[in-house]
Chemist: 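The structure is given below, and queries will be raised subsequently.
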2 protein chains.
Amino acid sequence: MSKSELPVIGQDDQVACCSPMVREPLGEEDAVDLAKMFKALSDPIRLRLLSLIASYEGGEACVCDLTGPFDVSQPTISHHLKVLREAGLVGSERRGTWVYYWVLPAALARLSSLLQAPAVAEPAGAVR
Amino acid sequence: MSKSELPVIGQDDQVACCSPMVREPLGEEDAVDLAKMFKALSDPIRLRLLSLIASYEGGEACVCDLTGPFDVSQPTISHHLKVLREAGLVGSERRGTWVYYWVLPAALARLSSLLQAPAVAEPAGAVR
DNA sequence: ACGCTGTTTCGATGTTTATCGATACAGCCT
DNA sequence: AGGCTGTATCGATAAACATCGAAACAGCGT
C-alpha cells in the first residue's frame, strides 16, 4: 500500500504561524484543524508512543521497538500510529522489513506556540 | 478576595515541572493525566471557547457571552465548559446572576512546554 | 412570594473510538 | 517457490462522547 496517499493535516512548516490562542479568538476552520491534532494526543498510549519515538536514538523507532512497552496488541499499536500519522504528528517509512516512525517537530511546535499562555514577559528567544 | 490576579508561573521556556516529552519517555501516569487535558482540547468548540474566554477583556467571560458565537444549544456549551473545567484548563465562579469562566495559564503553559520540540531544522552538521 | 432570566443537570439518541482476533500484505531468507 | 517475521487492515463489540429538549436550580427584580 502506498503510504503517500494518506490524508495528512497540519503539515505546514510555518512553525511560527500561530500566535497564542489566548490573544485572539480562534477561527472556526483553524479550530477544526487543530482539534484533530489534539485528538491524536488525547490518548495515553499515543502520547507515550510519540514520546518514545522522539526519545529513541536518531529520533526514530521501528514498530518492533514500540509494541513491547505496552499492554495492548500489535494491531492496536498500529492503529494508534496511524492516528498519529494522519494527524500530521509523525512521519513513517518502510525500510526493508521494518517500518520506522519519527516525530514531525514542526507540528509539535505549532501546538506548543498556540498554547503559550498570556505571557508575563515576552519570551525572548523562542526556539526556531 | 476576588481571584482577579491569577498566579502565573513560568510562562516562557522551561517550566520547572515538565520537560519536553521528546527528551525522555513519558511515564504511564503522566500520560494518563496529560491525555485528559488534550482530550479536553480535542473538540473545535472547546478550543474556540477557550480562545474566546482568554481573548475577552479581563481574561474572563460569562456564559452568556459564550453561547452566541456557536451553533449548538446552550446546554451543550455548558457541557463543554464543564469538560474544560474538569480538565483543569479553566476556572469558574458564579457572580450574582452570571457565571464567569477564565483560563488557567499554568495549565496551558504546562502543555506548551511539554510539546516543545527540539530544534526544528537542524543546522548543517548537527548531531543526528 | 412570584415570575423572569441565566445556568446546570438529566435522559435519551446517534456517532465515534479503543480494542481484539483473524487475516492480508510485504520483504527477507533458504 | 515456500516458509518466516514484521506490519497493516478488516470486522465485530463495548465503552465513551456530542448533542438535544426537558426539567431543575440560582439570583434578581417587582
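Remember, it's a predicted structure, so these values are computed and weren't measured experimentally. Order of the sequence lines fixes the chain letters, A, B, ..., with proteins taken first and strands second; residue numbering starts at 1 for each chain. Heavy-atom basis, side chains included; hydrogens, waters and symmetry copies ignored.
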Chemist: Does a nitrogen or oxygen in the side chain of B:K39 sit under 4.0 Å from OP1 or OP2 of C:dT17?
Modeler: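 For C:dT17, OP1/OP2 do not have a side-chain N/O of B:K39 under 4.0 Å.
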Chemist: Members other than B:Y100 in its cluster, when Ile, Leu, Val, Met, Phe, Trp, Tyr link by side-chain heavy atoms under 4.5 Å?
Modeler: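 B:Y100 shares its hydrophobic cluster with B:W98.
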Chemist: Describe the nucleic acid contact of B:F70 in one word from base, sugar-phosphate, nothing, applying a heavy-atom distance below 4.0 Å.
Modeler: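 If one applies the 4.0 Å heavy-atom cut-off, B:F70 turns out to touch nothing in the nucleic acid.
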Chemist: Looking at every strand, decide which applies to B:R46 at a 4.0 Å heavy-atom threshold: base, sugar-phosphate, or nothing.
Modeler: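 B:R46: backbone/sugar contact only, no base atoms under 4.0 Å.
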Chemist: Would you mind classifying the nucleic acid contact of A:Y101 as base, sugar-phosphate or nothing, using non-hydrogen atoms under 4.0 angstrom?
Modeler: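 Sugar-phosphate, backbone atoms only, no base.
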Chemist: Quick one: is D:dA8 close enough that its OP1 or OP2 comes under 4.0 Å of any side-chain N or O from A:S78?
Modeler: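 Answer yes for this pair, as a side-chain N or O of A:S78 is under 4.0 Å from OP1 or OP2.
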Chemist: So, is A:H80 close to the C:dT17 phosphate, meaning a side-chain N or O under 4.0 Å from OP1 or OP2?
Modeler: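 The answer is no; no side-chain N or O of A:H80 sits under 4.0 Å from OP1 or OP2.
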Chemist: State whether A:K39 and A:E86 are salt-bridged, where the test is any N-O pair (Lys NZ or Arg NE/NH1/NH2 against Asp/Glu carboxylate O) under 4.0 Å.
Modeler: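 Salt bridge: no.
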Chemist: Is the phosphate of C:dC28, meaning OP1 or OP2, less than 4.0 Å from a side-chain N or O of A:T97?
Modeler: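 Answer no for this pair, as no side-chain N or O of A:T97 is under 4.0 Å from OP1 or OP2.
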Chemist: Please compare A:I45 and B:S92 by the position of their nearest nucleotide in DNA chain C and report the one closer to 5'.
Modeler: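 The answer here is B:S92.
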Chemist: Once you apply a heavy-atom cut-off of 4.0 Å, does B:L81 come out as touching a base, just sugar-phosphate, or nothing?
Modeler: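 Nothing, no nucleic acid heavy atom in range.
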Chemist: Considering all heavy atoms of both residues, which atom of B:I45 and which atom of B:H80 are nearest to each other, and what is their separation?
Modeler: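 Closest heavy-atom pair between B:I45 and B:H80: CG2-CD2, 3.7 Å.
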Chemist: Please tabulate, one pair per line, all N/O donor-acceptor pairs under 3.5 Å involving side-chain atoms of residues 27-37 of chain B, not counting sequence neighbours.
Modeler:
{"unit_1": "B:D33", "atom_1": "OD2", "unit_2": "B:R110", "atom_2": "NH1", "d": "3.2"}
{"unit_1": "B:D33", "atom_1": "OD2", "unit_2": "B:R110", "atom_2": "NH2", "d": "3.2"}

